Peer 1: 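Attaching a single structure in structure tokens format; questions to follow.
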Amino acid sequence: MVAQNPLPITSPLQGGLSKVEQDIARTCKEARRDRASVMLIAVSKTFGADAIVPVIEAGQRVFGENRVQEARAKWPRLMSAYPGVALHLIGPLQSNKAKEAVALFDAVHSVDRPSICEALAKEIDSQKRRPQLFVQLNTGEEPQKAGVAPAEADAFIASCREKYGLPISGLMCIPPVNDAPAPHFALTAKIAARNGLTNLSMGMSADFAIAIQFGATHIRVGSAIFGAR
Ligand SMILES: *Cc1c(COP(=O)(O)O)cnc(C)c1O
């Protein structure tokens, strides 16, 4: 175990986490949802162990990274010090990184094309590890953004299941920065429902409360916990 001393109450990191926790609890109450139905993923990309350890020590157990390489450099040591910690890949995955991704991550939120399905299916089979899988939607149909177009989502989810044997557990979306997020969350929830998917990875620092109102089960919160990047 690393730091044994309790953090001073003025720690900005712990302050960020406890403020986020309060906001989640209040929003769940308003939305008549159980707090336990929303998983907080603390997005630690760009931050080092010195920033992450206090957040683990404050009780947070699920973390998100957007690059396989960066996660591999930071997390194996942290995970052996804190065996109960889970790691989610929230950023794009290249098929040549699927092996490392399946070895390191407990969930992948960015399944969005056949080559990734194929690589993941192969690694899941050979490593006997089953990360939870989310299909990423490009709800804003932004050309520069990863994800499946809404019109192609049903067919893609079906092919994940039937062609690749991948158990998809939910959908993920990242609304366009300049759009109101609510319609994107509503669309994601609708596509999930008609495909029998119960998990919704949506909501970041600026909009997680709205996402919870629209049924988010996994919120990905970085800067509100760790500070500006
Ligand atoms: C960085 C990132 C987040 C967290 O963003 P914040 O605005 O810092 O909360 C969430 N999801 C994805 C996919 C990200 O890359």
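Keep in mind that what you see is a predicted model, and the values were worked out from it rather than measured. Quick note: numbers below take in every heavy atom, side chains included, and nothing from hydrogens, waters or symmetry partners. Both ligands and their constituent atoms are indexed starting at 1 by order of listing.
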Peer 1: Using a strict 4.0 Å threshold on nitrogen-to-oxygen distance, state whether K97 and E123 make a salt bridge.
Peer 2: no
Peer 1: Does Q127 reach the main-chain N or O of K99 with its side chain, forming a donor-acceptor pair under 3.5 Å?
Peer 2: yes
Peer 1: Does anything in residues 106-120 form a salt bridge (charged side-chain N to carboxylate O under 4.0 Å, His left out)? List the pairs, not counting sequence neighbours.
Peer 2: D106-R129
Peer 1: With rounding to the nearest 0.5 angstrom, report the CD to OG1 distance, E70 to T46.
Peer 2: 6.5 Å
Peer 1: Between the side chains of D23 and R26, is the shortest nitrogen-to-carboxylate-oxygen separation below 4.0 Å, so that they form an ion pair?
Peer 2: yes
Peer 1: Just the distances, no angles: every ligand 1 N or O to protein N or O pair closer than 3.5 Å, one line each.
Peer 2:
| unit_1 | atom_1 | unit_2 | atom_2 | d |
| --- | --- | --- | --- | --- |
| ligand 1 | 8 (O) | S223 | N | 2.8 |
| ligand 1 | 8 (O) | S223 | OG | 3.0 |
| ligand 1 | 8 (O) | R229 | NH1 | 2.7 |
| ligand 1 | 8 (O) | R229 | NH2 | 3.1 |
| ligand 1 | 9 (O) | S205 | N | 2.9 |
| ligand 1 | 9 (O) | S205 | OG | 2.5 |
| ligand 1 | 9 (O) | G222 | N | 2.7 |
| ligand 1 | 11 (N) | R220 | NE | 2.9 |
| ligand 1 | 15 (O) | K45 | NZ | 2.7 |

Peer 1: Which value, rounded to the nearest 0.5 Å, describes the distance between H184 atom NE2 and L137 atom CG?
Peer 2: 11.5 Å
